[in-house]
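Lettering follows sequence order; numbering is per chain, from 1. The structure displayed is predicted, hence computed values, not measured ones.
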There are 2 protein chains.
Amino acid sequence: MGKQSMDLMRGTLDLLILKILSAGSLHGYEISKRIREQTEAEIFVEEGALYPALRRMEERNWLTSEWGISSNNREVKFYLLSSEGKRQLKEQSAQWDRYVRAMDCVLKAARSMA
Amino acid sequence: MGKQSMDLMRGTLDLLILKILSAGSLHGYEISKRIREQTEAEIFVEEGALYPALRRMEERNWLTSEWGISSNNREVKFYLLSSEGKRQLKEQSAQWDRYVRAMDCVLKAARSMA
DNA sequence: TTCTTATACCTAAAAACATTATGCATAAGA
DNA sequence: TCTTATGCATAATGTTTTTAGGTATAAGAA
């Protein structure tokens, strides 16, 4: 993703992809477009990050893929969430929530000094 | 930090340290203890991550440091937020908030399919 | 028809950072 | 005296992102 957001995206890319795919199978380019759109461009996945991530997740059996034709009449590779992928989505979502809460504990703490 | 939280800590370590130090100068070991305590052990910074991070941040002039004596009567290195560090804290806090909101846009979206 | 843009896939080199595994040293209490 | 907690630090390794390329096609503009 763009470095506009520090390194925050580390570890969240998989979660984003899993979540986006939970709405149904999509091809890579479309996944990236949806992340950009749904986050109002706050999060932008570089292609060099996207495609390796998809391969990685497929290797780990979180996704399956097959070639098909897009609505644009182009050859594209569709990715589909596996049952393990659904499990991962659930687990990583919970982990993210816990992490955000933990960050809040520190960030929302009153400063005792200036 | 512990891998218990995926790779989520990437990019948040600096922010955590900056925030912790905004309460006043502390030494490294104490910084790590406070992060662990305040997050109820959800986030744990490994020493191999902590000390390089402190050096990095000092090089970037976000922190200054000086040797002193801890309340335990031990020689320790105290870190102090610089004005640039305060600026960074403000900026990275805002960035983190934006990122969390962006993640929410995706994660809280209704799934159109099972 | 040719040019440009958006779409769509992919990989390799480099950089950045965390984890893991060390090492060293001292204070305090058992 | 031994162990534990405190406290600093670095090196090797691994993972992932960024950057920077490469290829190809469909559609619309010039």
If I take atom CG in residue B:Asp14 and atom C1' in nucleotide C:dA16, what distance separates them, rounded to the nearest angstrom?
11 Å
Without decimals, in angstroms, what is the distance between A:Met9 CE and C:dA18 P?
14 Å
If I take atom CD in residue A:Glu30 and atom P in nucleotide C:dA8, what distance separates them, rounded to the nearest angstrom?
7 Å
For atom CZ of B:Arg10 and atom P of C:dA15, their distance in whole Å:
16 Å
Side-chain H-bond candidate by donor/acceptor type, B:Tyr29 with B:Ser70, under 3.5 Å
no
Does a side-chain N or O of A:Ser70 approach OP1 or OP2 of C:dT7 to a distance below 4.0 Å, or not?
no
Taking CG from A:Leu13 and P from C:dC17, how many angstroms apart are they, rounded to a whole number?
18 Å
Over 12 non-hydrogen atoms of neighbours within 6.0 angstrom of CD in B:Glu40
no
Walk along nucleotides 20-29 of chain D from 5' to 3' and tag each nucleotide B, S or - by protein heavy-atom contact under 4.0 Å, base first, then sugar-phosphate.
----BBS---
Residues from residues 50-58 of chain A sitting under 4.0 Å of DNA chain D, heavy atoms only?
A:Arg56
B:Leu16 CG to C:dC17 P, straight-line distance once rounded to whole Å:
15 Å
Please determine if a side-chain N or O atom of B:Lys33 lies less than 4.0 Å away from the OP1 or OP2 oxygen of D:dA5.
no
In a check of side chain to side chain contact (heavy atoms under 4.5 Å, CB included) between A:Leu21 and each of A:Leu89, A:Leu16, A:Ile31, which one passes?
A:Ile31
Could you check whether B:Glu84 pairs with B:Arg87 (Lys NZ or Arg NE/NH1/NH2 to Asp/Glu carboxylate O, under 4.0 Å)?
yes
Could you tell me how far apart A:Tyr99 (OH) and C:dA18 (P) are, to the nearest whole angstrom?
9 Å
Kindly say if B:His27 contacts the phosphate of D:dC8, meaning a side-chain N or O under 4.0 Å from OP1 or OP2.
no
Could you tell me how far apart A:Glu46 (CD) and C:dC9 (C1') are, to the nearest whole angstrom?
16 Å
Contacts satisfying ring pair (Phe, Tyr, Trp, His ring centres under 6.0 Å) that involve residues 60-92 of chain A (not counting sequence neighbours) are A:His27-A:Phe78
Using every non-hydrogen atom in the two residues, find where A:Ala49 and A:Leu13 come nearest and quote the distance to one decimal.
O-CD2, 3.8 Å
Is the backbone of A:Lys77 close enough, under 3.5 Å, to the side chain of A:Ser65 for a donor and an acceptor to pair up by distance?
no
Can a salt bridge be assigned to the pair B:Arg34 and B:Glu30 using a cut-off of 4.0 Å between side-chain N and carboxylate O?
yes
Do B:Arg98 and B:Gln95 have side chains that get closer than 4.5 Å, going by heavy atoms?
yes
